[in-house]
S.K.: 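Right, I'll just put the structure down here and ask away after.
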Amino acid sequence: MARQRKMNITELMDATEKLLLEKGYEGFHFKALSERLDVARSTIYEYYKNKDELIVDYMTDLMDQVMRKVDMLSQQSDAFMTLKDLLYLFMEYSQVYDMIKMRPSLDKSASPEVKKQLEQLDAQSSRLFQLLMTLIEKAKKDGSIRANLPSSLIAGVLFQSVLIYNSEGIPKEEWAEMLFDMIENGITT
């Protein structure tokens with residue numbers, strides 16, 4: 001017998017995120033999602049035509065959340081502290097990196113909406129990178145970051161630090177603090 005339970009978009013997006021993080025793009029399908037949500041597959045099809053539309057909508061929503069917070073942070077006057085806050089934000093939204101890895105798997109020919117949203121995601125990613133580079137240049141000018149280091153190297157370290165495995169299970173905020181301390185002060189005593 002078909003399940004008649006209704007779901008809301010928040011439930012759908014939360015379950016989408018969890019399933020994507022657990023199974024990746026290839027393991028993500030509406031059957032597994034419908035089982036997780038305890039709804040009929042047809043309920044999901046009422047919202048989305050295919051998995052690519054759902055995944056790209058989830059990714060767009062996630063990036064919109066990140067960019068709203070980035071925009072708030074970018075209002076700060078101290079570029080160095082803004083970079084520190086961005087590292088915290090990157091840690092808070094570390095699932096973005098998993099989504100970036102899935103990006104090439106998405107079929108932009110799945111629908112015009114998928115293509116449009118992927119272009120929007122690319123534009124937001126570029127805007128985030130440009131903001132990061134601008135903050136780094138400002139911090140260099142202010143004297144809070146060494147001017148002899150390439151800005152792209154600093155940006156790469158900040159972005160990639162989220163991928164450092166936290167085998168001790170240290171809380172994200174504390175982990176981000178230690179990472180930034182190491183970036184700021186190095187590893188020597």
Side-chain angles (χ1 to χ4, degrees), residues 9-10 13-14 16-22 24-25 55-106 108 116-189:
I9 199 74
T10 302
M13 292 298 162
D14 289 347
T16 296
E17 176 178 84
K18 288 180 178 126
L19 190 58
L20 280 170
L21 291 173
E22 288 172 19
Y25 177 83
I55 292 169
V56 79
D57 199 38
Y58 160 75
M59 291 170 77
T60 300
D61 182 57
L62 179 63
M63 193 63 160
D64 286 345
Q65 290 174 44
V66 170
M67 292 309 291
R68 278 192 299 275
K69 290 189 177 190
V70 164
D71 288 340
M72 288 178 6
L73 289 175
S74 67
Q75 302 303 312
Q76 298 176 165
S77 60
D78 185 335
F80 186 74
M81 290 310 295
T82 304
L83 289 169
K84 182 176 184 178
D85 290 341
L86 281 174
L87 179 62
Y88 282 82
L89 183 67
F90 295 160
M91 296 302 272
E92 180 183 348
Y93 286 92
S94 59
Q95 71 270 39
V96 167
Y97 289 88
D98 293 301
M99 299 309 131
I100 289 169
K101 289 187 281 186
M102 287 179 214
R103 164 83 174 75
S105 300
L106 292 165
K108 65 178 164 187
K116 178 182 158 191
Q117 285 185 301
L118 285 172
E119 289 169 358
Q120 180 184 344
L121 283 167
D122 291 343
Q124 286 179 316
S125 294
S126 293
R127 189 167 80 83
L128 178 58
F129 184 75
Q130 278 307 116
L131 173 66
L132 190 58
M133 294 295 281
T134 300
L135 287 167
I136 291 167
E137 290 301 319
K138 186 173 185 286
K140 284 180 173 184
K141 194 175 185 179
D142 295 344
S144 54
I145 291 181
R146 289 179 19 210
N148 66 325
L149 294 173
S151 296
S152 59
L153 173 64
I154 297 166
V157 168
L158 288 169
F159 269 128
Q160 298 300 318
S161 64
V162 173
L163 301 176
I164 297 170
Y165 183 60
N166 179 358
S167 62
E168 287 85 12
I170 296 168
K172 281 185 179 182
E173 190 170 307
E174 188 179 338
W175 186 250
E177 179 68 37
M178 289 191 295
L179 284 170
F180 197 81
D181 180 58
M182 191 171 73
I183 291 167
E184 180 180 12
N185 301 306
I187 61 170
T188 59
T189 56

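For reference, positions follow the sequence shown, starting with 1. This one's a predicted model, so the numbers in the text were calculated from it and none came from an experiment.
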S.K.: Using the side chain to side chain contact (heavy atoms under 4.5 Å, CB included) rule, take D57 and M13 through it: C-alpha gap first, then chi angles, then the decisive distance, then the call.
M.R.: CA-CA 9 Å; D57 199 38; M13 292 298 162; 3.4 Å; yes
S.K.: In Å, rounded to the nearest 0.5 Å, how long is the span from CG of L131 to CG of L83?
M.R.: 8.5 Å
S.K.: Walk me through it: do L73 and R68 pass the test side chain to side chain contact (heavy atoms under 4.5 Å, CB included)?
M.R.: CA-CA 9 Å; L73 289 175; R68 278 192 299 275; over 6 Å; no
S.K.: Does the distance from a Lys or Arg side-chain N to an Asp or Glu carboxylate O, for K84 and E177, drop under 4.0 Å?
M.R.: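 Looking at E177 together with K84, the answer is yes, because their closest N to O distance falls below 4.0 Å.
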S.K.: Does any non-hydrogen side-chain atom of Q117 lie less than 4.5 Å from one of M59?
M.R.: no
S.K.: Let me confirm one number: the CD-CG distance from Q76 to L86, rounded to the nearest 0.5 Å.
M.R.: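 Reported to 0.5 Å precision, the distance equals 8.5 Å.
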S.K.: M133 and A155: which non-hydrogen atoms are nearest, and at how many Å?
M.R.: SD-CB, 3.9 Å
S.K.: Taking all heavy atoms of V162 and all of S94, pick out the closest pair and write down the distance.
M.R.: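 Nearest heavy atoms, V162 then S94: CG1-CB, 3.6 Å.
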S.K.: Quick one: are L132 and L128 in side-chain contact, heavy atoms under 4.5 Å?
M.R.: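 SC-SC contact between L132 and L128 ruled out.
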S.K.: Of all the heavy-atom pairs spanning A79 and A139, show the shortest one and how long it is.
M.R.: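 Smallest interatomic distance, heavy atoms only, reads CB-N, 3.8 Å.
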S.K.: For Y25 and K101: C-alpha separation, side-chain torsions, deciding distance, then whether side chain to side chain contact (heavy atoms under 4.5 Å, CB included) applies.
M.R.: CA-CA 9 Å; Y25 177 83; K101 289 187 281 186; over 6 Å; no
S.K.: Within the 4.5 Å heavy-atom criterion, are M178 and D181 side-chain neighbours or not?
M.R.: no
S.K.: Tell me if the aromatic rings of Y88 and Y93 count as close, with their centers under 6.0 Å from one another.
M.R.: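 Not close enough - the centres of the two rings lie 6.0 Å or further apart.
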S.K.: Walk me through it: do Q124 and V66 pass the test side chain to side chain contact (heavy atoms under 4.5 Å, CB included)?
M.R.: CA-CA 10 Å; Q124 286 179 316; V66 170; over 6 Å; no
S.K.: Can you label the angle between the F159 ring and the Y97 ring as parallel, tilted or perpendicular, going by 30° and 60°?
M.R.: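 If you compare the ring of F159 with that of Y97, the planes turn out perpendicular.
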S.K.: K140 and S151: which non-hydrogen atoms are nearest, and at how many Å?
M.R.: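 It is NZ-OG, 3.0 Å.
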S.K.: Does any non-hydrogen side-chain atom of L62 lie less than 4.5 Å from one of M67?
M.R.: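 A side-chain contact under 4.5 Å is absent here.
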S.K.: Roughly how far, to the nearest 0.5 Å, is the CZ atom of F80 from the CG atom of D85?
M.R.: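 CZ of F80 is found 11.0 Å from CG of D85.
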S.K.: My understanding is that only one of K69, Q65, K172 makes a side chain to side chain donor-acceptor pair (under 3.5 Å) with E92; could you say which?
M.R.: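 Running side chain to side chain donor-acceptor pair (under 3.5 Å) over K69, Q65, K172 with E92 returns exactly one hit, K69.
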S.K.: Looking at every heavy atom in both L158 and L87, which two are closest together, and how far apart are they?
M.R.: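 It is O-CD1, 3.8 Å.
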S.K.: Could you check whether any side-chain heavy atom of I136 comes within less than 4.5 Å of a side-chain heavy atom of K141, counting everything from C-beta outward?
M.R.: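 Not touching, per the 4.5 Å side-chain cut-off.
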S.K.: If the threshold is 4.0 Å, N to carboxylate O, is there a salt bridge linking D14 and K18?
M.R.: no
S.K.: Salt bridge check, D71 against R127: does any charged N sit closer than 4.0 Å to a carboxylate O?
M.R.: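 Yes.
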S.K.: At their closest point, which heavy atom of S161 faces which heavy atom of L179, and how far apart are they?
M.R.: O-CD1, 3.6 Å
S.K.: Is there side-chain contact between F90 and L163, with at least one heavy-atom pair below 4.5 Å?
M.R.: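 The answer is no; the side chains never approach within 4.5 Å.
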S.K.: Under a 3.5 Å distance rule, please check whether K108 uses its side chain to pair with a backbone N or O of E119 as donor and acceptor.
M.R.: no
S.K.: CD1/I55 to OG1/T60 distance, rounded to the nearest 0.5 angstrom?
M.R.: 11.5 Å
S.K.: So, taking the atom named CG in L20 and the one named CD in Q95, what distance separates them when rounded to the nearest 0.5 Å?
M.R.: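 Between L20 CG and Q95 CD, I get 11.0 Å after rounding to 0.5 Å.
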S.K.: From S74 OG over to L135 CG, what is the distance, rounded to the nearest 0.5 angstrom?
M.R.: 7.5 Å
S.K.: Please check: side-chain N/O of D142 versus main-chain N/O of S144, any donor-acceptor pairing under 3.5 Å?
M.R.: no
